[in-house]
Amino acid sequence: MKKISLKNKKVFIAGHTGLVGQSLCKRLENEKCKILFVNKKKLDLRDFNKTDRWLKLNKPDYIFIAAARVGGILENSSYPANFIYDNLSIALNLIHLSYKNNIKKVLYLGSSCIYPKFSKQPIKEDSLLTGPLEPTNEWYAIAKIAGLKLCKAYGIQYKKNFISAMPTNLYGPGDNFDVKSGHVLPGLINKIHEAVKQNKKKVTIWGTGKPKREFLFVDDLADALIFLMKKYNKSDHINIGSGKEVSILNLAKTIAKVIGFKGKFIFDKSKPDGTPRKLINSKKINSIGWKCKTDLFDGINTTYKWYLNNKSK
Ligand code: GFB
């Protein structure tokens, strides 16, 4: 397996202020590379010409594409046009312009919603495009599938080393804790924290609480992405998961334990459940040497501490 070193190389993190981008910036400090990033206000990655000019001027060697419009189940189903347009534009611009500007290697990030709604569990990489998608996030999924396929197409036609990784549901410091737009884990941290503060006895869980999700701590993901950037050179996407799934109700109970909430959970069944399960099969990345380190309770604890220190900033 051909290995590359990032030492003294220019590494561009597209999306450095997001959940994944922040963690990547932190973990890449150990690699002694020159980290490049650019503010959203200075460069809109949906703008082809401006992105082209920025790449020509800054000449990165390697790019992590962690930039995306992301959101939880409600946000995804409320803004389908934004999700498909923004994510398609970012993927198309950055992948094509990486080819045009001779970037040595690119790592593109997919999402677990790319797999069919009723995939055989744990979901293997080759389940892609074998069945219909989950309707609450098909717009986002279509854009992410296009990103994966772009990497593959440029690999086949131009022999470019453009790889793509498929992380499961992520969480950690720097997440979006807004109840309406965020994902379930930060949303429940926010709701349960507020319930304790206001001495409330009940917290509402959206849907039935029965769906299962696999959660991966973002620093584990960042380690996996750096590992893949250095060692993985195939154009087929590769799953990154923790290997453990939990029901939404049990997730809420674990968060309650961390925060010290002793009340009850009630269910708002007017909200969607989404996919019933999406545990991914991570045998491929495990077999080449990466394993998830952080267990869910510890990861939630670290995330909650971050939330307490940063929520009013
Ligand atoms: O994390 P989440 O928003 O997205 O919701 P997905 C996961 C499950 O938790 C759903 C339930 O069954 C929700 O109904 N849930 C319960 C809640 N309480 C809450 C709450 O307070 N907030 C939220 N947000 N959910 C997303 C996709 O799917 O996952 C994206 O929409 C992306 O495209 C992302 O793929 C990783 O796991 O269902």
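Counting convention: from 1, in listed order, for ligands and their atoms alike.
- The shortest N or O to N or O distance between Asn76 and ligand 1 is below 3.5 Å.
- When heavy-atom distances to ligand 1 are checked against a 4.0 Å cut-off, Pro272 comes that close only through its backbone atoms N, CA, C and O.
- Ring pair His237/Tyr115 is tilted by interplanar angle, where 30° to 60° counts as tilted.
- Counting protein heavy atoms only, atom 12 (O) of ligand 1 is closest to Asp273 O, 2.6 Å.
- Remark: among candidates Thr136, Leu133, Thr208, Asn137, the nearest residue to atom 27 (C) of ligand 1 is Asn137, based on non-hydrogen atoms.
- A centroid separation of 6.0 Å or more is found between the aromatic rings of Phe83 and Tyr79.
- The aromatic rings of His193 and Tyr307 lie perpendicular to each other, with more than 60° between the two planes, well past the 30° mark.
- For atom 24 (N) of ligand 1, the nearest non-hydrogen atom from the set Gly187, Gly182, Gly209 belongs to Gly182.
- Remark: aromatic rings of His183 and Tyr171 are distant, center separation not under 6.0 Å.
- Taking atom 34 (C) of ligand 1 as the reference point, the nearest protein heavy-atom neighbour is His183 NE2, 3.2 Å.
- For Ser112, no nitrogen or oxygen atom sits less than 3.5 Å from a nitrogen or oxygen atom of ligand 1, counting backbone and side chain alike.
- Hydrophobic clustering keeps Leu109 apart from Val38 (ILVMFWY residues linked when any side-chain heavy atoms are closer than 4.5 Å, directly or through intermediates).
- If you check which protein heavy atom lies closest to atom 37 (O) of ligand 1, you get Arg213 NE, 2.7 Å.
- For Lys278, the heavy-atom gap to ligand 1 drops under 4.0 angstrom.
- When each atom of ligand 1 is checked for a heavy atom of Gly72 under 4.0 Å away, the hits are 3 (O), 31 (O).
- In terms of polar-atom proximity, defined here as any N/O pair under 3.5 Å, Tyr140 makes no such contact with ligand 1.
- Nearest protein neighbour of atom 21 (O) of ligand 1, counting heavy atoms only, is Lys191 NZ, 2.7 Å.
- Atom NZ of Lys201 is separated from atom NZ of Lys264 by 12.5 Å, given to the nearest 0.5 angstrom.
- The protein heavy atom nearest to atom 1 (O) of ligand 1 is Val184 N, 2.9 Å.
- Test Asn239, Asn281, Thr130, Ile280 against Lys124 for side-chain contact (heavy atoms from CB on, under 4.5 Å) and you get one pass: Asn281.
- For atom 36 (C) of ligand 1, the closest heavy atom belonging to the protein is Asn169 OD1, 3.5 Å.
- Scanning all protein heavy atoms for the shortest distance to atom 8 (C) of ligand 1 gives Ile248 CD1, 3.7 Å.
- Among Lys26, Lys291, Arg27, the single residue meeting the salt bridge (Lys or Arg N to Asp or Glu O under 4.0 Å) criterion with Asp223 is Arg27.
- No side-chain N or O of Asn190 forms a donor-acceptor pair with one of Asp178 less than 3.5 Å apart.
- When each of Lys7, Lys104, Lys9 is checked for a salt bridge (Lys or Arg N to Asp or Glu O under 4.0 Å) with Asp61, only Lys104 meets the rule.
- The closest approach between Ile205 and ligand 1 falls below 4.0 Å for a heavy atom of the residue.
- Annotation: Tyr232 is not in aromatic contact with Trp290 [ring centroid separation under 6.0 Å not met].
- Ligand 1 has an N or O atom lying under 3.5 Å from an N or O atom of Ile73, backbone or side chain.
- Residue, atom and distance of the protein heavy atom nearest to atom 18 (N) of ligand 1 are Trp206 N, 3.0 Å.
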Worksheet entry | Worked verdict on Ser181 versus Glu75 for side chain to side chain donor-acceptor pair (under 3.5 Å) | CA-CA 5 Å; Ser181 62; Glu75 184 81 353; 4.7 Å; no
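- Proximity to Ser111 (heavy-atom distance under 4.0 Å) selects the following atoms of ligand 1: 32 (C), 35 (O).
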